[in-house]
Amino acid sequence: MNSTTTLSVLVPVYNEEHLVAASLARLVCLAESPLLERVQIIVVNDGSSDRTAQALAQFQQGLRESPVEKVNWLFISHLKNAGKAAAIHTALSAATEELCVIHDAD
């Protein structure tokens with residue numbers, strides 16, 4: 001039996017410009033878990049019409065400046081809003097780790 005596992009966190013995002021960065025920042029603590037060998041975080045911006053794309057770009061810039069060991073980030077954008085289920089499906093199709101969970105951006 002494995003004592004560690006890997007995790008994909010699926011994050012559907014739609015019009016969350018004010019909350020998304022704080023929500024994603026909370027996921028960084030997953031790197032501290034001794035039970036997780038690797039964490040993949042997949043953020044899908046589902047065609048947001050507010051400044052969510054800019055908030056995500058700023059968050060990504062911070063990740064480039066201070067990467068987190070054990071955590072791999074993937075950012076995907078839908079050109080048009082297709083709904084939460086579509087965003088989750090997109091993230092799930094990109095997930096590569098053993099376990100998957102959904103984390104709402106709000």
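Basis for what follows: all heavy atoms, side chains included, without hydrogens, waters or symmetry-related copies.
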side-chain hydrogen bond (donor to acceptor under 3.5 Å, both in side chains) involving K84 - partner list, sequence neighbours excluded
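Once residues adjacent in sequence are excluded, the partners of K84 under the side-chain hydrogen bond (donor to acceptor under 3.5 Å, both in side chains) criterion are D104.
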Would you say that [X] contacts [Y] through its side chain, given a criterion of any heavy-atom pair below 4.5 Å between the two side chains?
| X | Y | value |
| --- | --- | --- |
| V13 | L24 | no |
| P12 | I102 | yes |
| L99 | T5 | yes |
| Y14 | V20 | no |
| V101 | L10 | no |

Can you measure from OG (S77) to CG (L56) and round to the nearest 0.5 angstrom?
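It comes to 7.0 Å.
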What distance separates L30 CG from H103 NE2, expressed to the nearest 0.5 Å?
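If I round to the nearest 0.5 Å, the distance is 9.0 Å.
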Ignoring hydrogens and angles, tell me if any N or O in the side chain of S8 forms a donor-acceptor pair with the backbone of A95 under 3.5 Å.
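No, S8 side chain to A95 backbone: no donor-acceptor pair under 3.5 Å.
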Flag, side chain of Q40 to backbone of T96, donor-acceptor distance under 3.5 Å:
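Yes, the answer is positive, given that a donor and an acceptor are paired below the 3.5 Å cut-off.
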side-chain contact (heavy atoms from CB on, under 4.5 Å) partner of V39, the single match among N72, V68, V71:
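The passing option is V71.
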Applying salt bridge (Lys or Arg N to Asp or Glu O under 4.0 Å), can you list everything that pairs with D50, at least two apart in sequence or on another chain?
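Partners of D50 under the salt bridge (Lys or Arg N to Asp or Glu O under 4.0 Å) test: none.
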Under 3.5 Å, side-chain donor or acceptor atoms of residues 41-48 against the rest of the protein: list the pairs with distances, not counting sequence neighbours.
| unit_1 | atom_1 | unit_2 | atom_2 | d |
| --- | --- | --- | --- | --- |
| N45 | OD1 | S48 | N | 3.3 |
| N45 | OD1 | S48 | OG | 2.6 |
| D46 | OD1 | H78 | ND1 | 2.6 |
| D46 | OD1 | A82 | N | 3.0 |
| D46 | OD2 | N81 | ND2 | 2.8 |
| D46 | OD2 | A82 | N | 3.3 |
| D46 | OD2 | G83 | N | 2.8 |
| S48 | OG | N15 | N | 2.8 |

Looking at residues at least two apart in the chain, or sitting in another chain, which of them share a ring pair (Phe, Tyr, Trp, His ring centres under 6.0 Å) with F59?
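Ring pair (Phe, Tyr, Trp, His ring centres under 6.0 Å) list for F59, sorted by chain: W73.
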Evaluate the criterion side chain to side chain donor-acceptor pair (under 3.5 Å) for residue pair T6 and E97; output intermediate values, then yes/no.
CA-CA 5 Å; T6 61; E97 304 307 335; 3.0 Å; yes
Charged N to carboxylate O under 4.0 angstrom, K70 versus E37?
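Judged by the 4.0 Å cut-off on N to carboxylate O distance, K70 and E37 do not form a salt bridge.
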Whichever hydrophobic residues join L19 through chains of side-chain contacts under 4.5 Å:
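Via sub-4.5 Å side-chain contacts, L19 links to none.
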Enumerate the ring-ring contact (aromatic ring centres under 6.0 Å, His included) contacts for residues 38-58, please, sequence neighbours excluded, ordered by first and then second residue.
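Those involving residues 38-58 do not exist here.
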Side chain to side chain contact (heavy atoms under 4.5 Å, CB included) evaluation trace for S3 with L35
CA-CA 7 Å; S3 60; L35 301 176; over 6 Å; no
If you draw a 6.0 Å radius around CD in Q61, do more than 12 non-hydrogen atoms from other residues or ligands fall strictly inside?
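For Q61, atom CD is crowded (more than 12 foreign heavy atoms under 6.0 Å).
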Counting only heavy atoms not in Q58, do more than 12 sit closer than 6.0 Å to its CD atom?
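Counting other residues, nucleotides and ligands, CD of Q58 stays at 12 neighbours or fewer.
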Any link between I88 and V9 through a network of hydrophobic side chains (Ile, Leu, Val, Met, Phe, Trp, Tyr) touching at under 4.5 Å?
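Looking at the clustering, V9 is in a separate group from I88.
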